[in-house]
Undergrad: 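To start, I am sharing the structure in question, which I have written as structure tokens.
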Amino acid sequence: MSRAISAVKGMNDLLPTDVARWRALESTIREVVRLHGYREIRVPVIEHTQLYVRSVGEGTDIVDKEMYSFVFHDEPMTVRPEGTAGVVRAYVEHGLHAKEPVSRLYYEGPMFRGERPARGRYGQFYQAGCEVFGDPGPLVDAEMIDMIVGLLRRLGITDVEVLLNSLGGKGTKARYRERLVEYLEPHKDALSEDSKRRLTTNPLRILDSKDPRDQKVIASAPSVLDVIGDDDRAHFDGLRRHLDKLGTPYTVEPRLVRGLDYYSRTLFEVRGRGGELGAQNTLVGGGRYDGLVEELGGPPTPAIGFAAGLERLLLATSVAPAKDQPEVFVAPLGERAMGEALALARELREAGVPTLVEGRGGSLKSMLRRANALGSTIAMVIGDGEVDRGVVQLKDLAAHAQRDVPRAEVVSAVTEAVRGGSTG
RNA sequence: GUGGCCGUAGAUCAGCUGGUAGAUCACCGGAUUGUGGCUCCGGUUGUCGCGGGUUCGAAUCCCGUCGGUCACCCCA
């Protein structure tokens with residue numbers, strides 16, 4: 001074990017035990033999303049850097065300092081830091097808008113950001129997300145938020161809060177930004193160092209600063225909700241009405257802003273309140289991005305989407321993984337039995353029964369110990385005696401029962417036992 | 001990127017103010033020439049994260065570095 005190569009910082013392995021939980025989580029998400037009419041789309045992990053610069057936006061931390069970018073054959077490329085941009089690109093590139101009036105897309109996969117890793121936040125992390133194109137809302141907005149809350153509930157994550165805000169339409173964001181800077185400028189000296197810098201780069205971010213100095217100033221800052229247009233207000237009110245009707249709880253948080261530039265109008269975030277999440281308690285983030293499709297070369301198309309952080313859901317969830325251990329453990333004793341065991345295992349597998357053969361030899365005791373440790377339901381012992389008599393010893397591990405079964409009847413006896421329970 | 005804490009067998013950890021490493025679990029074998037979950041016995045496993053320094057001597061002290069973790073930052 002000399003000079004072993006370790007994983008890259010922030011990247012981590014998911015061992016089989018972990019993966020069992022992941023699969024349980026993913027299948028729940030897929031099911032919920034399917035019930036809402038979403039269909040999965042798979043897009044590349046690598047895109048032109050420009051895609052993210054134009055969508056996520058310059059001045060955002062993601063683009064400015066967190067992207068895994070490289071130049072390949074003189075082309076600036078980036079390993080995706082988030083999912084929406086790529087999906088929008090695909091939507092435009094394949095002219096989906098011309099094929100169906102509304103597209104409901106689901107995606108899932110690894111994202112990459114060069115941040116300092118912490119619990120619930122990694123350089124390579126996984127997101128599942130949905131995007132709806134072609135529906136201006138606000139009904140879909142409400143439906144999406146409600147779906148997320150329902151999904152979390154199915155995952156056993158109930159201690160959450162939904163934060164809701166509106167960033168207004170096209171012009172309002174810039175207008176509010178101006179208004180905010182106007183307000184903050186005179187208080188500049190009272191702000192934290194970070195926020196002084198943000199005043200020019202990304203003033204909206206100052207709103208959710210945790211620094212007490214900033215909070216003091218922010219407390220009486222103008223609210224976006226006072227600046228949004230009448231249409232935006234109507235949209236926001238409509239969304240709230242739908243949520244109220246559904247009984248889906250939410251909190252209006254005018255200071256909620258998100259890290260990406262493309263958002264407009266509806267903005268939401270779901271935070272977990274369980275202690276296991278620490279400061280990384282944002283489980284889901286999303287919002288409307290009505291201008292992005294056009295921005296990326298498509299026709300004007302309203303759109304909304306969200307992304308959920310899978311490792312964070314996993315920290316908060318109580319979903320139990322399905323059993324993935326072999327049902328049958330074959331313990332051969334001796335040379336002749338080995339060959340017989342292998343053939344038998346193949347038959348069982350063809351019949352759909354997960355089977356493992358102990359090929360390392362060893363004592364029967366140790367083999368049975370292993371069968372038990374693996375959680376197998378049936379152990380099959382084959383020795384010279386069994387081979388000579390044309391039988392196999394079938395042990396029901398839970399019932400401590402065993403009997404000889406003629407070689408020809410083994411498969412049916414096993415499938416029966418596996419489905420039915422006892423072997424009699 | 002900034003600051004705090006941590007880094008010892010596969011896993012969880014002990015090792016006090018420096019004298020070249022231990023427990024438990026796991027794993028392997030045995031206690032009935034071929035029968036498991038409990039029990040008992042025995043056994044394997046470590047460049048004490050890495051590099052340098054102080055010292056007769058360092059897992060133990062100092063510096064650096066890498067990794068993890070917590071808070072900030074940011075975000076999923």
Side-chain angles (χ1 to χ4, degrees), chain A residues 1-4 6-12 15 17 56 60-66 80-84 108-129 148 192-195 197-198 202 205-206 208-212 214 256-260 269-272 275 277-286 305-316 329 331-334 337 358 360-386 393-402:
Chain A
M1 235 206 355
S2 62
R3 219 174 294 156
S6 60
V8 171
K9 178 177 181 170
M11 310 289 163
N12 52 10
L15 270 19
T17 318
V56 174
T60 62
D61 282 29
I62 292 178
V63 168
D64 287 356
K65 49 190 192 195
E66 295 174 359
R80 68 178 180 197
E82 61 102 45
T84 300
E108 195 251 315
M111 306 295 164
F112 302 82
R113 289 182 202 172
E115 298 180 88
R116 183 144 174 183
R119 182 186 181 81
R121 180 231 294 239
Y122 305 97
Q124 174 173 339
F125 62 104
Y126 294 78
Q127 285 189 335
I148 293 165
S192 67
E193 294 311 309
D194 280 329
S195 290
R197 174 178 53 76
R198 284 186 286 219
N202 199 347
R205 288 244 64 96
I206 298 176
D208 59 5
S209 166
K210 284 173 192 161
D211 192 298
D214 296 335
L256 174 68
V257 288
R258 316 225 77 263
L260 308 106
E269 180 168 316
V270 182
R271 289 184 189 156
L277 289 165
Q280 269 67 54
N281 65 345
T282 301
L283 295 170
V284 180
F306 74 87
L310 298 192
E311 29 282 279
R312 291 181 189 178
L313 290 184
L314 228 34
L315 284 174
F329 186 93
L333 286 159
E358 177 57 271
R360 300 176 302 171
S363 67
L364 179 59
K365 173 193 290 240
S366 67
M367 289 194 282
L368 287 175
R369 243 180 215 169
R370 185 159 154 73
N372 192 65
L374 285 172
S376 308
T377 54
I378 291 172
M380 315 219 3
V381 181
I382 310 176
D384 288 347
E386 281 78 9
Q393 184 184 94
L394 193 155
K395 277 179 75 72
D396 181 326
L397 289 165
H400 285 264
Q402 54 187 295

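To find a chain, count down the sequence lines: A is the first, B the second, and so on, and within it residues start at 1. Basis for what follows: all heavy atoms, side chains included, without hydrogens, waters or symmetry-related copies.
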Undergrad: Quick one: CD on A:E66 to CE on A:M111, what's the gap to the nearest 0.5 Å?
TA: 14.5 Å

Undergrad: Rounded to whole angstrom units, what separation is found between the CG atom of A:L277 and the P atom of B:C75?
TA: 18 Å

Undergrad: Rounding to the closest angstrom, what is the interatomic distance between B:G57 and B:G1 at atom P?
TA: 37 Å

Undergrad: Which listed nucleotide (B:A71, B:C75, B:A76) is nearest to the side chain of A:A279?
TA: B:A71

Undergrad: Figure out the CG/C1' separation between A:D64 and B:C73, and round it to whole Å.
TA: 14 Å

Undergrad: What nucleic acid atoms does A:R360 come within less than 4.0 Å of, heavy atoms only: base, sugar-phosphate, or nothing?
TA: sugar-phosphate

Undergrad: OP1 or OP2 of B:C72 less than 4.0 angstrom from a side-chain nitrogen or oxygen of A:K210, does that happen here?
TA: yes

Undergrad: Could you check which of B:G34, B:C70, B:U35 has an atom nearest any side-chain atom of A:E386?
TA: B:G34

Undergrad: From CG of A:L374 over to C1' of B:C27, roughly how many Å is that when rounded to an integer?
TA: 13 Å

Undergrad: When you get a sec, tell me which of B:U69, B:G34, B:C75 is the closest nucleotide to the side chain of A:T282?
TA: B:C75

Undergrad: Run the side chain to side chain donor-acceptor pair (under 3.5 Å) test against A:D211 and tell me which residues pass, sequence neighbours left out.
TA: A:R213

Undergrad: For B:A14 versus B:G7, give the span between their P atoms, rounded off to a whole number of Å.
TA: 8 Å

Undergrad: Using a 4.0 Å heavy-atom cut-off across all strands, classify A:E66 as base, sugar-phosphate, or nothing.
TA: sugar-phosphate

Undergrad: Of all the choices, B:C73, B:U69, B:G36, which nucleotide is nearest to the side chain of A:R116 once you look at every atom?
TA: B:U69

Undergrad: With rounding to the closest Å, how many angstrom separate the P atoms on B:U8 and B:C48?
TA: 11 Å

Undergrad: Specify the separation, in whole Å, of atom CZ of A:R369 and atom P of B:U39.
TA: 11 Å

Undergrad: Starting at CD of A:Q127, measure out to CD of A:E311 and round the result to the nearest 0.5 Å.
TA: 8.5 Å

Undergrad: Rounding to the closest angstrom, what is the interatomic distance between B:U47 and B:A21 at atom P?
TA: 14 Å

Undergrad: Among residues at least two apart in sequence or on other chains, which ones pass side-chain contact (heavy atoms from CB on, under 4.5 Å) with A:L333?
TA: A:L364, A:M367, A:V381

Undergrad: Counting side-chain heavy atoms from CB outward, which of B:U69, B:A71, B:G29 is closest to A:S366?
TA: B:G29

Undergrad: Output the distance between atom CD1 (A:I378) and atom CG (A:D396), rounded to the nearest 0.5 Å.
TA: 6.5 Å

Undergrad: Any non-hydrogen side-chain atom of A:Q280 less than 4.5 Å from a side-chain atom of A:L315?
TA: no

Undergrad: Whole-Å distance between B:C73 P and A:D214 CG?
TA: 9 Å

Undergrad: Figure out the CG/P separation between A:N281 and B:C75, and round it to whole Å.
TA: 13 Å

Undergrad: In dot-bracket notation, what is the pairing pattern of RNA chain B, taking Watson-Crick (N1-N3 plus N6-O4 or O6-N4) and G-U wobble (N1-O2 and O6-N3) contacts under 3.5 Å, with [ ] crossing and | for other strands?
TA: (((((((..((((........)))).(((((.......))))).....(((((.......))))))))))))....

Undergrad: To the closest 0.5 Å, what do you measure between CD (A:Q393) and CD (A:E386)?
TA: 6.0 Å

Undergrad: Give A:G385 one of three labels, base, sugar-phosphate or nothing, depending on what nucleic acid heavy atoms sit under 4.0 Å from its own.
TA: base

Undergrad: Please give the distance between the C1' atoms of B:A31 and B:U17 as a whole number of Å.
TA: 46 Å

Undergrad: Is there side-chain contact between A:R80 and A:P110, with at least one heavy-atom pair below 4.5 Å?
TA: yes

Undergrad: Quick check: on RNA chain B, is the nucleotide nearest A:A373 upstream (toward 5') of the one nearest A:D211, or the reverse? Name the residue that is more 5'.
TA: A:A373

Undergrad: Return yes if some donor-acceptor pair links the side-chain N/O of A:S366 with the main-chain N/O of A:S363 below 3.5 Å, else return no.
TA: yes

Undergrad: Within the structure, does a side-chain N or O atom of A:K395 lie under 4.0 Å from either OP1 or OP2 of B:U35?
TA: no

Undergrad: Mind calculating the distance between CG (A:D61) and C1' (B:A76) to the nearest angstrom?
TA: 15 Å

Undergrad: Have a look at A:Y122 and say if it touches a base, only the backbone sugar-phosphate, or nothing, with a 4.0 Å heavy-atom cut-off.
TA: base

Undergrad: Out of B:G36, B:U35, B:C70, which has the shortest distance to the side chain of A:L397?
TA: B:G36

Undergrad: Could you state the atom-to-atom distance from CD of A:E269 to P of B:A76 in whole Å?
TA: 7 Å

Undergrad: Identify which nucleotide among B:G36, B:A76, B:C73 has an atom closest to any side-chain atom of A:Q127, counting heavy atoms from C-beta outward.
TA: B:A76

Undergrad: Excluding sequence neighbours, so at least two apart, what forms ring pair (Phe, Tyr, Trp, His ring centres under 6.0 Å) with A:Y126?
TA: A:W22

Undergrad: With sugar-phosphate meaning primed atoms plus P, OP1 and OP2, does A:K9 contact a base, only sugar-phosphate, or nothing at under 4.0 Å between heavy atoms?
TA: sugar-phosphate

Undergrad: Quote, to the nearest angstrom, the P distance that separates B:G49 from B:C13.
TA: 15 Å

Undergrad: So does A:E115 reach the base of B:A76 with its side chain, donor to acceptor, closer than 3.5 Å?
TA: yes

Undergrad: Rounding to an integer number of angstrom, what distance separates B:C38 and B:C28 when you compare their P atoms?
TA: 14 Å

Undergrad: Is there any salt bridge (Lys or Arg N to Asp or Glu O under 4.0 Å) pair reaching into residues 368-382 of chain A, and which pairs are they, with sequence neighbours excluded?
TA: A:E358-A:R370

Undergrad: Among the candidates B:C28, B:G36, B:U2, find the nucleotide nearest to the side-chain atoms of A:R370.
TA: B:C28

Undergrad: Ignoring the backbone of A:R121, work out which of B:U35, B:A76, B:C75 is nearest its side chain.
TA: B:A76

Undergrad: Between B:U69, B:A71, B:A76, which nucleotide has the shortest distance from any of its atoms to the side chain of A:R113?
TA: B:A76

Undergrad: What contact category does A:G10 fall into here, base, sugar-phosphate, or nothing, at under 4.0 angstrom with non-hydrogen atoms?
TA: sugar-phosphate

Undergrad: Which residues, if any, of residues 306-314 of chain A bring a heavy atom under 4.0 Å of RNA chain B?
TA: A:A307, A:G309, A:R312

Undergrad: Please tell me which of A:S363 and A:Q393 maps to the more 5' nucleotide of RNA chain B, matching each residue to the nucleotide holding its nearest heavy atom.
TA: A:S363

Undergrad: Once you round to the nearest 0.5 Å, how far does CD1 of A:I382 lie from CG of A:L394?
TA: 10.5 Å

Undergrad: As an exercise, state the distance from CG of A:L277 to CG of A:L283, rounded to the nearest 0.5 Å.
TA: 5.5 Å

Undergrad: Using the C1' atom in both, what is the distance from B:C5 to B:A23, to the nearest Å?
TA: 25 Å

